[in-house]
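Notes follow the structure.
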Amino acid sequence: MPTPGSGRGFLWLGLVLSSVCVALGCETQANSTTDALNILLIIVDDLRPSLGCYGDKLVRSPNIDQLASHSLLFQNAFAQQAVCAPSRVSFLTGRRPDTTRLYDFNSYWRVHAGNFSTIPQYFKENGYVTMSVGKVFHPGITSNHTDDSPYSWSFPPYHPSSEKYENTKTCRGPDGELHANLLCPVDVVDVPEGTLPDKQSTEQAIQLLEKMKTSASPFFLAVGYHKPHIPFRYPKEFQKLYPLENITLAPDSEVPDGLPPVAYNPWMDIRQREDVQALNISVPYGPIPVEFQRKIRQSYFASVSYLDTQVGRLLSALDDLQLANSTIVAFTSDHGFLMRTDN
């Protein structure tokens, strides 16, 4: 989970799973997976190290902190690129963006760079049942519109049905109307389908764990969570964990003197949200009002705590199904989220 302006990571899965491959080499090469360990890979979108296990005193993340307390916690690992698709393709293939030739969202590495194997593909080819839930590969052309199926997965990946409402008018504004906002705490019973994508992904992942408990084959289950990616659409009760008076502003919120324009991100995807548009912020350097800065940070932290509860549900299921002792858990983010809020 990268820090602001960098690519530092949490449980850097390239290292974790490389060691797993070495540890399992004797079984897989002999085509015997009787005693092989299962793999649960949790990938989070835009999660910076705003977590208790990294010393953050404000953010409430008890489930992730508990996982970290008995895990190998990486303090100096780096994302290859702070963009979803290039980062995910990089760590899922173990190759740099210079090799995959993916720096944006516009190509599929198997066509434009090379037919490189992925981590789940390796496990699939060595006797594992491989499963994808939620956002693992970035959707679209960068994973061939199939999440790299059938190469990486034993059967088609699962995507939550409520995903299609993420950027629609489901946020109740002060005017009582529905908007497509950046800040979107919701009453879950009032949103379409009465649920949210990450809740659905957790439920699906638990169902798959229940099925795999009696399987003769080991499994590789990748679960990709959307939050805390924008929009900050989360159950409204998590907002109460972070009173605005407790939210500090970013210490480095000014645009640096002499910054080359090419190095500046005007955050057009954020500016397109209705609540941000209402602020009439000038492009590209117009500052966000201080009170709205606090609200952005509040909703980011609330989204992290919501995510944490989903991770807790998933890990509790692993325990309840008596799979914890035979499953390696790896947790990572694709990259962080810049919390300077002058733009």
Side-chain angles (χ1 to χ4, degrees), residues 40 42-47 59-64 84 131-140 147 155-212 221-243 269-270 272-276 295-296 298-321 337:
L40 172 60
I42 303 171
I43 302 174
V44 183
D45 210 342
D46 285 12
L47 179 60
V59 173
R60 300 190 187 186
S61 52
N63 297 292
I64 297 172
C84 294
M131 301 165 286
S132 173
V133 172
K135 185 179 178 181
V136 178
F137 285 98
H138 194 279
D147 296 285
F155 45 85
Y158 169 85
H159 288 280
S161 58
S162 63
E163 198 174 88
K164 59 181 173 288
Y165 304 110
E166 276 293 278
N167 295 298
T168 61
K169 295 177 182 289
T170 59
C171 314
R172 186 74 61 183
D175 59 0
E177 300 298 320
L178 294 176
H179 299 275
N181 286 345
L182 172 66
L183 311 182
C184 191
V186 299
D187 190 333
V188 175
V189 298
D190 291 339
V191 299
E193 300 187 26
T195 188
L196 295 172
D198 287 345
K199 292 171 68 70
Q200 285 187 289
S201 290
T202 300
E203 291 158 4
Q204 175 68 14
I206 291 173
Q207 290 180 22
L208 291 174
L209 289 175
E210 291 170 345
K211 290 180 180 179
M212 292 308 300
L221 173 59
V223 181
Y225 286 116
H226 283 265
K227 297 303 130 188
H229 192 286
I230 63 170
F232 301 128
R233 185 167 174 261
Y234 57 90
K236 64 182 182 181
E237 57 266 28
F238 289 95
Q239 189 180 49
K240 298 177 183 177
L241 299 175
Y242 302 98
D269 51 348
I270 286 179
Q272 292 167 3
R273 312 289 167 166
E274 291 183 36
D275 50 350
V276 179
K295 290 180 179 180
I296 290 176
Q298 176 194 48
S299 276
Y300 182 88
F301 299 146
S303 296
V304 172
S305 291
Y306 162 53
L307 157 76
D308 182 77
T309 63
Q310 299 309 307
V311 173
R313 290 179 61 201
L314 183 58
L315 296 179
S316 292
L318 201 68
D319 281 330
D320 294 343
L321 293 167
F337 186 75

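What you are looking at is a predicted structure, and each value in this text was computed from that prediction instead of being measured.
Relative orientation of the Phe232 and Tyr300 rings is perpendicular, given thresholds of 30° and 60° on the angle between their planes.
With contacts defined as side-chain heavy-atom distances shorter than 4.5 Å, the pair Asp147/His159 qualifies. In this structure the side chain of Val59 never reaches within 4.5 angstrom of the side chain of Asp308, judged on heavy atoms. Using a 4.5 Å heavy-atom threshold, the side chains of Gln272 and Val276 count as separate. In this structure, Cys171 and Leu183 have side chains that are not in contact, with every pair of non-hydrogen atoms separated by 4.5 Å or more. Counting only heavy atoms from C-beta outward, the side chains of His229 and Glu166 never approach each other to under 4.5 Å.
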Verdict with reasoning, Lys227 to Asp45, per side chain to side chain contact (heavy atoms under 4.5 Å, CB included): CA-CA 6 Å; Lys227 297 303 130 188; Asp45 210 342; over 6 Å; no

Ile230/Arg273 under side chain to side chain contact (heavy atoms under 4.5 Å, CB included): CA gap, chis, key distance, verdict: CA-CA 10 Å; Ile230 63 170; Arg273 312 289 167 166; 3.9 Å; yes

Derivation of the side chain to side chain contact (heavy atoms under 4.5 Å, CB included) call for Leu196 and Tyr306: CA-CA 11 Å; Leu196 295 172; Tyr306 162 53; 3.5 Å; yes

Tyr242/Arg60 under side chain to side chain contact (heavy atoms under 4.5 Å, CB included): CA gap, chis, key distance, verdict: CA-CA 9 Å; Tyr242 302 98; Arg60 300 190 187 186; 3.7 Å; yes

From CA spacing to verdict: side chain to side chain donor-acceptor pair (under 3.5 Å), Gln200, Ser161: CA-CA 8 Å; Gln200 285 187 289; Ser161 58; 3.0 Å; yes

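With respect to Tyr225, the side chain to side chain contact (heavy atoms under 4.5 Å, CB included) criterion is satisfied by exactly one of Leu307, Val133, Ile43: Leu307. Checked against Arg233 for a side-chain hydrogen bond (donor to acceptor under 3.5 Å, both in side chains), the options Asn167, Asp198, Thr170 give a single hit: Thr170.
Rounding to the nearest 0.5 Å places CD1 of Ile206 at 7.5 Å from CD of Glu203. A distance of 4.0 Å separates OG1 in Thr309 from CZ in Phe238, rounded to the nearest 0.5 Å. Of the inter-residue distances, the one linking Leu182 atom CG with Asp275 atom CG reads 5.5 Å to the nearest 0.5 angstrom. Rounding to the nearest 0.5 angstrom, the gap separating the CD1 atom in Ile42 from the CG atom in Leu315 is 5.0 Å. To the nearest 0.5 Å, atoms NZ (Lys295) and CD (Gln239) are separated by 9.0 Å. Here the CZ-SG distance, from Phe137 to Cys84, works out to 14.0 Å after rounding to the nearest 0.5 Å.
The local environment of NZ in Lys169 is crowded, with over 12 non-hydrogen atoms from other residues, nucleotides or ligands closer than 6.0 Å.
Across every non-hydrogen atom of Ser162 and Pro197, the tightest pair is OG-N, 3.1 Å. The heavy-atom pair separating Cys184 from Asn181 by the smallest distance is CB-O, 4.4 Å.
Without hydrogens or angle criteria, Asp46 side chain to Pro228 main chain gives no donor-acceptor distance under 3.5 Å.
Under the salt bridge (Lys or Arg N to Asp or Glu O under 4.0 Å) criterion, Glu237 pairs with no residue at all, not counting sequence neighbours. By the ring-ring contact (aromatic ring centres under 6.0 Å, His included) test, Tyr234 is found to be paired with no residue, residues two or more places apart in sequence or in another chain being considered.
Screening residues 176-193 for salt bridge (charged side-chain N to carboxylate O under 4.0 Å, His left out) gives Lys164-Glu193, Asp187-Lys236 as the qualifying pairs, with residues at least two apart or on separate chains.
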